[in-house]
Amino acid sequence: MNKFIEKRRFQLIYPSLVLLGIVVNVLFGYDEVQKEKDAHYLFSSRNAINQLFAYHGNDIWLVLFLSLSALQIYYRAIEWDPLPRDARIDIRSKVLPLIREYALKLLLKTVLLYVIFFVIDHVFVWTGGACSVSDTASAEQCRRDGGKWEGGFDISGHFCFLTNISMILWMEIYSFQHFTNTNEIQPSRKWISVIYLNIFVLITWAFVLSVTAIFYHTLMEKVIGVTMGYICPTVMYLLVPSIPALKKYMY
Ligand SMILES: CCCCCCCCCCCCCCCC(=O)SCCNC(=O)CCNC(=O)[C@H](O)C(C)(C)COP(=O)(O)OP(=O)(O)OC[C@H]1O[C@@H](n2cnc3c(N)ncnc32)[C@H](O)[C@@H]1OP(=O)(O)O
């Protein structure tokens with residue numbers, strides 16, 4: 001798992017799941033696959049794993065992101081200090097910038113997802129889609145109204161959403177592991193359990209996406225969905241750190 005994270009191979013998980021969906025549908029045929037979907041609760045939209053882990057994904061993600069933030073703040077600002085005792089700066093001045101960094105990452109993720117789903121929902125409406133019970137232009141609002149979101153080009157919300165939130169957690173796990181490996185720190189078992197909890201949920205989200213890949217959406221809806229799934233990690237971990245003015249202010 002160390003190597004897998006160190007080499008950031010987690011970036012390949014989500015396109016591979018789309019590929020899995022293609023292979024299964026080519027091997028077994030679309031009609032056969034749809035028959036299987038209708039025959040098994042686990043593949044239905046109502047299944048508990050989908051309802052909990054996808055539709056409450058933001059809540060689950062928030063708990064996990066806060067756990068990884070606390071883990072990194074603790075180790076970067078409290079547990080580890082390379083300076084000799086008399087040269088150490090007070091903990092408060094180390095902790096505050098880290099708290100600001102993670103608060104800004106949380107804000108950035110929220111704003112980016114808001115804009116992403118604004119675009120996804122409006123593409124759906126502009127391509128002829130609508131909600132069956134209200135004239136809302138939001139898929140989530142339509143669901144809350146008990147309506148059906150039908151008729152348009154339905155970019156996969158599952159692939160876009162779960163890839164974005166998963167990649168953020170993977171990047172934070174990578175960042176923590178890189179920090180501890182570089183500084184030869186052996187985290188305590190208590191803190192390692194935080195990492196294992198995150199990885200358990202990441203694997204569950206990957207399972208949900210494997211069901212999406214095999215049983216739902218057209219190929220284009222999944223390809224565009226998974227591609228848009230890299231917007232948050234690209235902005236948060238590639239774009240912002242590469243622009244000195246942004247990096248200085250934000251991270
Ligand atoms: C533009 C310029 C602006 C610039 C200026 C910026 C302004 C800046 C303002 C900031 C304002 C911030 C403050 C706002 C704060 C927020 O509002 S932040 C919130 C941002 N939005 C989000 O996070 C959206 C999160 N999305 C969700 O939760 C969605 O419900 C989900 C989980 C992605 C699901 O969406 P979905 O459309 O159902 O997913 P999709 O893949 O399309 O599924 C289609 C069907 O297949 C089923 N399915 C798919 N996969 C599976 C599966 N694995 N198993 C079973 N069923 C499945 C689905 O259940 C669904 O079935 P039905 O419901 O139709 O029966």
Side-chain angles (χ1 to χ4, degrees), residues 13-14 17-18 20-21 24-25 30 33-34 36-65 103-127 129-134 136-169 201-229 231-233 235-236:
I13 294 171
Y14 308 98
L17 289 172
V18 174
L20 168 75
V24 169
N25 277 276
Y30 176 78
V33 166
Q34 290 304 304
E36 285 305 308
K37 177 183 98 169
D38 299 337
H40 297 86
Y41 163 76
L42 193 59
F43 305 145
S44 79
S45 170
R46 299 176 321 284
N47 87 73
I49 297 175
N50 180 47
Q51 291 301 321
L52 174 62
F53 283 89
Y55 290 104
H56 295 280
N58 266 321
D59 304 328
I60 294 170
W61 179 87
L62 181 61
V63 171
L64 296 177
F65 181 74
L104 286 170
K105 280 178 176 174
L106 179 56
L107 179 68
L108 201 48
K109 171 262 182 187
T110 304
V111 170
L112 285 170
L113 277 185
Y114 177 84
V115 174
I116 288 167
F117 277 90
F118 177 93
V119 170
I120 287 179
D121 288 343
H122 282 78
V123 162
F124 183 84
V125 172
W126 293 333
T127 51
C131 178
S132 57
V133 295
S134 65
T136 177
S138 155
E140 279 191 279
Q141 188 53 51
C142 181
R143 182 173 297 102
R144 278 194 288 268
D145 297 345
K148 291 298 272 176
W149 188 245
E150 293 163 324
F153 181 71
D154 190 14
I155 295 170
S156 173
H158 274 67
F159 260 103
C160 176
F161 178 55
L162 296 181
T163 303
N164 267 301
I165 62 175
S166 298
M167 278 301 298
I168 294 170
L169 296 183
V201 174
L202 287 163
I203 291 170
T204 308
W205 280 336
F207 166 74
V208 170
L209 285 180
S210 64
V211 173
T212 308
I214 295 168
F215 298 106
Y216 291 91
H217 290 294
T218 64
L219 177 58
M220 272 320 281
E221 290 171 342
K222 288 177 278 195
V223 168
I224 295 173
V226 75
T227 306
M228 293 177 76
I231 292 174
C232 286
V235 171
M236 293 169 68

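Whatever order the structure lists ligands and atoms in, that order sets their numbers, starting from 1. Computed from a predicted structure; not experimentally measured.
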Under 4.0 Å from a heavy atom of [X]: which atoms of ligand 1 are those, numbered in the order shown and with their elements?
X      : result
Asn47  : 54 (N), 55 (C)
Ala54  : 32 (C)
Lys148 : 65 (O)
Ser156 : 41 (O)
Val211 : 52 (C), 53 (N), 54 (N)
Thr110 : 15 (C), 18 (S)
Val115 : 6 (C)

So, does [X] sit close enough to ligand 1 that a heavy atom of it is under 4.0 Å from the ligand?
X      : value
Arg143 : yes
Cys160 : no
His217 : yes

Student check: side-chain heavy atoms of [X] and [Y] closer than 4.5 Å:
X      : Y      : result
Trp149 : Val125 : yes
Thr227 : Val223 : yes
Asn58  : Leu113 : yes
Trp205 : Ile13  : no
Lys105 : Phe65  : yes
Asp145 : Thr136 : yes

Hey, is [X] touching ligand 1 through its side chain, its backbone, both or neither, going by heavy atoms under 4.0 Å?
X      : value
Leu209 : neither
Tyr114 : both
Asp154 : side chain
Glu140 : side chain
Leu113 : both
Phe118 : side chain

Quick one: pull up CD1 in Ile60 and CD1 in Ile165 and give me the separation to the nearest 0.5 Å.
8.0 Å
Using 0.5 Å steps for rounding, measure from the CG atom of Asn164 to the CD1 atom of Ile231.
6.5 Å
Just need the protein heavy atom nearest to [atom], so name the residue and atom and give the distance.
atom                    : result
atom 34 (C) of ligand 1 : Tyr55 CE2, 3.5 Å
atom 61 (O) of ligand 1 : Ser45 OG, 3.3 Å
atom 57 (C) of ligand 1 : Tyr216 CE1, 3.5 Å

Could you check whether any side-chain N or O of [X] sits under 3.5 Å from a backbone N or O of [Y], counting only pairs where one atom can act as donor and the other as acceptor?
X      : Y      : value
Tyr216 : Lys222 : no
His122 : Phe118 : yes
Lys148 : Ser132 : no
Thr127 : Phe124 : yes

Select the closest option to [atom] among [options], judged by heavy-atom distance.
atom                    : options                        : value
atom 26 (N) of ligand 1 : Trp205, Phe117, Phe43          : Phe117
atom 39 (O) of ligand 1 : His158, Glu221, Lys109, Lys222 : His158
atom 54 (N) of ligand 1 : Asn50, Ile120, Ile49           : Asn50

Can you confirm if the aromatic rings of Phe153 and His217 lie within a centre distance of less than 6.0 Å?
no
Are any of the N/O atoms on [X], whether in the backbone or the side chain, positioned under 3.5 angstrom from an N/O atom of ligand 1?
X      : result
Asn58  : yes
Thr212 : yes
Val208 : yes

Parallel under 30°, tilted from 30 to 60°, perpendicular over 60°: which one fits the rings of Phe43 and Phe215?
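Geometry flag for Phe215 against Phe43: parallel rings.
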Measure the acute angle between the ring planes of Phe117 and Phe161, then classify it against the limits of 30° and 60° as parallel, tilted or perpendicular.
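Correct class here is perpendicular.
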For atom 24 (C) of ligand 1, is the nearest protein heavy atom closer than 4.0 Å?
yes
